[in-house]
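The figures here come from the full heavy-atom set of this structure, side chains too, leaving out hydrogens, waters and symmetry mates. Order of the sequence lines sets the chain letters (A, B, ...), proteins ahead of strands, with each chain counted from 1.
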Amino acid sequence: MSFSENPTSGTDEFIKGLWRENPVFVQVLGMCPVLAVSNTARNALAMGLATMFVLVMSNLVVSSVRRWIPKQVRIATFILIIATFVTVVDYVIAAISLELYRALGAFISLIVVNCVILGRAEAFASKNTIGRSVLDGLGMGVGFVFALLCLGAVREIFGSGTLFGVQLFHDGFQGWVMMILPSGGFFTLAAWLLFFNWLKKRKEAREVTPKLELVGQAKRGVA
Amino acid sequence: MSGPQAAVQTAAPRVWHMYRAMVGIGILCGLLIVGVFEVTKPIIMANKAEYLQESIFKVLPDARSSETFRVDGDSGFTKLEGEATAGEPLVYAGYDDVGHLVGLAMEAAGMGYQDVIRVLYGYSYDKDAVIGIRVLESKETPGLGDKIETDPAFLENFVRLDVSLNADASGLANEIVAVKTGEKQNAWEIDGITGATISSVAIANLLNKSTSFWVPRLRAKLDDFERTE
């Protein structure tokens with residue numbers, strides 16, 4: 001896994017989280033909320049936004065205090081900062097909507113141990129400037145929201161025939177219950193990973209077509 | 001706390017820096033949490049109160065206003081003044097436009113498939129029946145057990161679920177039971193949900209337990225809830 005530490009443009013810090021280093025589909029981090037809270041698109045969106053907020057804020061704080069944190073206590077300090085913002089999110093969600101708060105349940109508190117956040121704090125924010133770290137957090141956050149929405153939308157459509165609570169099919173639709181259960185989360189995640197890897201392979205194959213031809217010729221030559 | 005101690009031995013000159021980082025950030029984080037808590041607390045309390053109020057009107061569809069009563073020893077029920085103690089059993093009385101008592105709402109809780117299910121249900125003394133139910137808290141399996149909140153056929157059970165008393169008014173004439181889907185024959189039976197038997201039975205059990213406790217007591221003291229003015 002390559003965490004870009006070489007100087008890159010600000011937009012690149014943002015874009016890489018969306019696609020090239022997408023936290024879910026490429027780095028495969030933070031699987032617990034991805035599988036557990038993606039049973040409906042609405043839950044997925046709320047969870048994604050909550051995680052994104054924590055990610056951006058913790059990246060911001062970690063990068064701004066990075067000079068004063070000795071190496072030996074950095075993980076403890078990062079966790080302290082992350083836990084603070086998770087607690088803030090917990091109260092804010094409860095204040096915004098009790099229904100949503102109940103739907104997300106224990107998973108809000110579990111954002112603390114979401115390895116995407118600690119991973120970005122450790123691998124990026126502790127070594128980069130504030131601006132870059134915020135962009136990185138935003139990019140990773142949007143990538144996380146995107147991934148959760150991909151799963152949530154598919155699972156909700158197949159599982160209950162709705163999207164964001166809006167009925168998509170006529171009344172005769174029989175929900176595919178397995179999609180809403182945890183096993184459906186694994187299958188959907190696997191399908192998405194397969195799809196994105198296929199896309200990546202195809203793109204790579206196109207980019208290196210000339211080289212491949214040479215390789216092919218070489219192989220034929222050897223054979 | 002073996003971490004800091006180990007660090008003391010290996011990197012003694014930096015101890016002050018470690019304390020500065022951890023304690024300083026700890027204090028700032030603590031202040032932030034306290035600030036947010038203070039700001040959101042009244043909003044969260046208001047949300048909870050509003051949700052309860054809305055739930056009372058949902059389980060007592062004819063009610064236009066409500067009041068909260070507490071159990072006053074053995075003598076009956078008195079209007080709640082001020083704050084209730086946590087976990088105290090409360091009865092919410094619903095009144096129509098002219099202040100006439102239309103029904104009473106109570107909370108009930110029981111073990112479901114995953115965790116405790118808490119519901120609010122409305123009792124109508126004219127109909128001798130449970131006339132509405134709303135799940136306040138449940139962690140039932142999404143897509144299966146949570147149909148107790150959404151399945152229209154299941155909720156149909158609680159439009160008029162018979163809870164009439166036995167001859168000496170000491171308990172229910174018929175226990176509330178859950179039956180298999182489509183086999184409901186009597187007004188005190190609950191038609192279960194296919195694929196969510198445990199959750200359906202849990203609802204039947206918690207309602208049975210709660211109504212056999214409350215209904216005899218409420219019927220004996222109905223006058224306590226009538227508005228006097």
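In this structure, chain B has heavy atoms under 4.5 Å from both the backbone and the side chain of A:Thr77. Contact of B:Leu31 with chain A is not made at all, since no heavy-atom distance falls under 4.5 Å. Looking at A:Tyr101, there are no atoms closer than 4.5 Å to chain B (heavy atoms on both sides), in backbone or side chain. For B:Tyr51, the part lying near chain A is the side chain, with the backbone staying farther off; criterion is any non-hydrogen pair under 4.5 Å. Of the atoms belonging to A:Val61, not a single heavy atom falls under 4.5 Å from chain B. B:Lys41 does not touch chain A: none of its heavy atoms, backbone or side chain, sits under 4.5 Å away.
Residues B:Met22 and A:Leu80 share a closest heavy-atom pair of O-CD2, 3.9 Å. A:Phe85 and B:Leu32 get closest at one heavy-atom pair: CE2-CD2, 3.9 Å.
In A:Phe186, the CZ atom is not crowded: 12 or fewer heavy atoms of neighbouring residues, nucleotides or ligands sit closer than 6.0 Å. Around atom CZ of B:Phe213, more than 12 heavy atoms belonging to other residues, nucleotides or ligands sit under 6.0 Å away. The neighbour count for B:Glu175 CD, taken as heavy atoms of other residues, nucleotides or ligands under 6.0 Å away, does not exceed 12. Surrounding CZ of A:Phe187 are at most 12 heavy atoms belonging to other residues, nucleotides or ligands under 6.0 Å away. The 12-atom threshold is exceeded at CD of A:Gln167, counting heavy atoms of other residues, nucleotides or ligands nearer than 6.0 Å. In the displayed structure, A:Phe196 atom CZ is contacted under 6.0 Å by more than 12 heavy atoms of other residues, nucleotides or ligands. Open room surrounds CE on B:Met45; 12 or fewer heavy atoms of other groups in view lie less than 6.0 Å from it.
Ranked by heavy-atom pairs shorter than 4.5 Å toward chain B, the options A:Ile81, A:Val88, A:Ile96 are led by A:Val88. The residue among B:Ala21, B:Cys29, B:Ala46 with the most heavy atom pairs within less than 4.5 Å of chain A is B:Cys29. Comparing B:Val39, B:Ile33, B:Ile43 by heavy-atom pairs within less than 4.5 Å of chain A, the highest count is held by B:Ile33.
Distance alone, capped at 3.5 Å, places no donor-acceptor pair between the B:Asn47 side chain and the A:Leu98 backbone.
Inspection of non-hydrogen atoms places no residue of residues 190-210 of chain B under 4.5 Å from chain A.
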Kindly indicate, with the supporting measurements, whether the criterion side-chain contact (heavy atoms from CB on, under 4.5 Å) is fulfilled by A:Trp68 and B:His17. CA-CA 7 Å; A:Trp68 294 287; B:His17 291 267; over 6 Å; no

